[in-house]
2 protein chains.
Amino acid sequence: MVAIGESVISQLRRGVLEFCVLALVRDEERYGFEIVRALSEASGLVTTEGTLYPLLGRLRKEGVVETTWRESPSGPPRRYYRLTAAGAAKLAAFAAEWVRFRDSVDALLETGVPR
Amino acid sequence: MVAIGESVISQLRRGVLEFCVLALVRDEERYGFEIVRALSEASGLVTTEGTLYPLLGRLRKEGVVETTWRESPSGPPRRYYRLTAAGAAKLAAFAAEWVRFRDSVDALLETGVPR
DNA sequence: GCCAGCTACCTTGCAGCGCATGGTAGCGAT
DNA sequence: ATCGCTACCATGCGCTGCAAGGTAGCTGGC
């Protein structure tokens with residue numbers, strides 16, 4: 001068994017992280033710090049604030065999420081994110097692409113032959 | 001239905017392409033141009049020579065593939081790639097990581113909750 | 001009062017990889 | 001001899017994840 005670097009896995013996160021965030025705020029509002037923690041619970045999706053906040057900013061500018069500041073019961077105020085209709089559409093479109101991509105990779109890794 | 005750009009999908013290929021190539025040359029020798037065509041058959045993995053040749057060069061330097069020049073029956077000579085033992089180990093290690101990563105993403109996209 | 005530690009937000013600069021583009025050369029057919 | 005296909009390769013850009021560093025609110029202990 002050979003260990004591959006964490007850097008290899010970090011390349012995997014490219015392009016996927018964005019949609020994991022959209023999925024996280026699809027059904028309920030969440031704030032940034034909470035999203036970092038939630039992603040850390042999913043193995044292979046661990047990330048840091050240095051990654052997430054710039055990403056959240058891009059999503060906001062793009063109009064796929066909208067935000068509300070709310071007081072915290074204890075601590076500094078939080079910016080809560082929720083999905084917009086445009087975000088829901090983009091997420092749905094990605095989910096379809098993801099399935100195709102995932103199946104292609106699975107087939108290749110298992111058989112060594114494209115499908 | 002909203003179309004998402006090809007650029008979104010191209011980000012998905014990050015870090016995965018390398019291992020798809022390793023998988024392709026695991027069981028039989030293949031040459032560069034052939035690999036480009038083979039990947040194009042797998043939806044979601046379409047790539048170009050501008051991507052593949054630099055990648056093959058990195059894999060060669062890394063020692064996970066080795067190559068042999070062979071005459072073509074018609075056309076310029078071809079450089080054939082095959083997996084080394086180190087490459088096989090790296091591929092196997094990745095396959096395990098991939099399963100974890102894939103399942104995490106699947107869970108998130110489906111439920112909006114990390115697992 | 002004040003300081004340490006947690007929470008929570010954000011910015012900046014770097015690095016890696018996929019891609020577009022362009023270049024070279026062998027071979028066969030018209 | 002020119003065109004088109006095959007087959008190789010290099011260069012520069014852009015995007016995104018990450019490390020590192022910065023600001024500030026709140027709480028609890030002394």
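Every chain is numbered from 1 and lettered A, B, ... according to where its sequence line falls, protein lines coming before strand lines. In this text, all values refer to a predicted model and were calculated from it rather than measured experimentally.
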- prompt: If only side-chain N and O atoms of A:Thr47 are considered, is one of them under 4.0 Å from the OP1 or OP2 phosphate oxygen of D:dC18?
  reply: yes

task: On DNA chain C, check which nucleotide each of A:Gln11 and A:Gly75 is closest to and give me the residue with the more 5' one.
output: A:Gly75

- prompt: Has B:Arg79 got a side-chain N or O lying under 4.0 Å from the OP1 or OP2 atom of D:dC9?
  reply: yes

field: Side chain A:Arg14 and base D:dC15 donor-acceptor under 3.5 Å
entry: yes

- prompt: In whole angstroms, how far is the P atom of D:dC5 from the CZ atom of B:Arg78?
  reply: 16 Å

- prompt: Is there a side-chain polar atom (N or O) of B:Arg58 under 4.0 Å from OP1 or OP2 of C:dG18?
  reply: yes

- prompt: How close or far is atom C1' of C:dC10 from atom CG of A:Leu52, stated in whole angstroms?
  reply: 11 Å

- prompt: What nucleic acid atoms does B:Thr51 come within less than 4.0 Å of, heavy atoms only: base, sugar-phosphate, or nothing?
  reply: base

task: Quick one: do A:Glu18 and A:Arg13 satisfy salt bridge (charged side-chain N to carboxylate O under 4.0 Å, His left out)? Show the steps, please.
output: CA-CA 9 Å; A:Glu18 170 181 354; A:Arg13 290 189 264 274; over 6 Å; no

Length of the line joining A:Glu71:CD and D:dG25:C1', which is rounded to integer Å: 10 Å

query: Could you give the NZ-to-C1' distance, from B:Lys61 to D:dC9, as a whole number of Å?
result: 12 Å

query: Atom OH of A:Tyr31 to atom P of C:dT7: distance rounded to whole Å?
result: 9 Å

- line: Whole-Å distance, A:Arg60 CZ to C:dC9 C1', equals 10 Å

- prompt: Within less than 4.0 Å of OP1 or OP2 of D:dA10, is there a side-chain N or O belonging to B:Tyr53?
  reply: no

query: Which of parallel (below 30°), tilted (30 to 60°) and perpendicular (above 60°) describes A:Trp98 and A:Phe101?
result: tilted

task: Check whether any side-chain N or O of A:Arg26 sits under 3.5 Å from a backbone N or O of B:Leu109 as a donor-acceptor pair, and report yes or no.
output: yes

query: Are any of A:Thr48's side-chain N or O atoms less than 4.0 Å away from OP1 or OP2 of D:dC18?
result: no

query: 5'-most contact on DNA chain C: A:Arg37 or B:Ser72, nearest heavy atom basis?
result: A:Arg37

task: Answer with base, sugar-phosphate or nothing: what part of the nucleic acid does B:Phe19 contact at a heavy-atom distance below 4.0 Å?
output: nothing

query: Rounded to the Å, how far apart are B:Glu49 CD and C:dT24 C1'?
result: 12 Å

field: Between C:dG16 (P) and A:Leu12 (CG): distance, integer Å
entry: 17 Å

statement: Closest of C:dC9, C:dG28, C:dC19 to the B:Ser74 side chain is C:dG28

- request: Report which part of the nucleic acid B:Gly57 touches: base, sugar-phosphate, or nothing (heavy-atom distance under 4.0 Å, all strands).
  value: nothing

query: Near DNA chain C, which residues from residues 104-112 of chain A have a heavy atom under 4.0 Å away?
result: none

task: Looking at every strand, decide which applies to A:Gly32 at a 4.0 Å heavy-atom threshold: base, sugar-phosphate, or nothing.
output: sugar-phosphate

task: Given side chain to side chain donor-acceptor pair (under 3.5 Å), test B:Tyr80 with B:Arg82 step by step and report yes or no.
output: CA-CA 7 Å; B:Tyr80 280 84; B:Arg82 68 183 162 283; over 6 Å; no

- prompt: At under 4.0 Å between heavy atoms, what does B:Arg70 touch on the DNA or RNA strands: base, sugar-phosphate, or nothing?
  reply: nothing

- line: Separation between CZ (B:Arg37) and CG (B:Leu39), nearest 0.5 Å, reads 11.5 Å

message: Pair A:Glu62, A:Arg60 - check salt bridge (charged side-chain N to carboxylate O under 4.0 Å, His left out), show working.
response: CA-CA 5 Å; A:Glu62 206 186 326; A:Arg60 218 164 53 219; over 6 Å; no

- request: Please report the shortest heavy-atom distance between B:Leu24 and A:Pro114, naming the atom on each side.
  value: CD2-CD, 3.8 Å

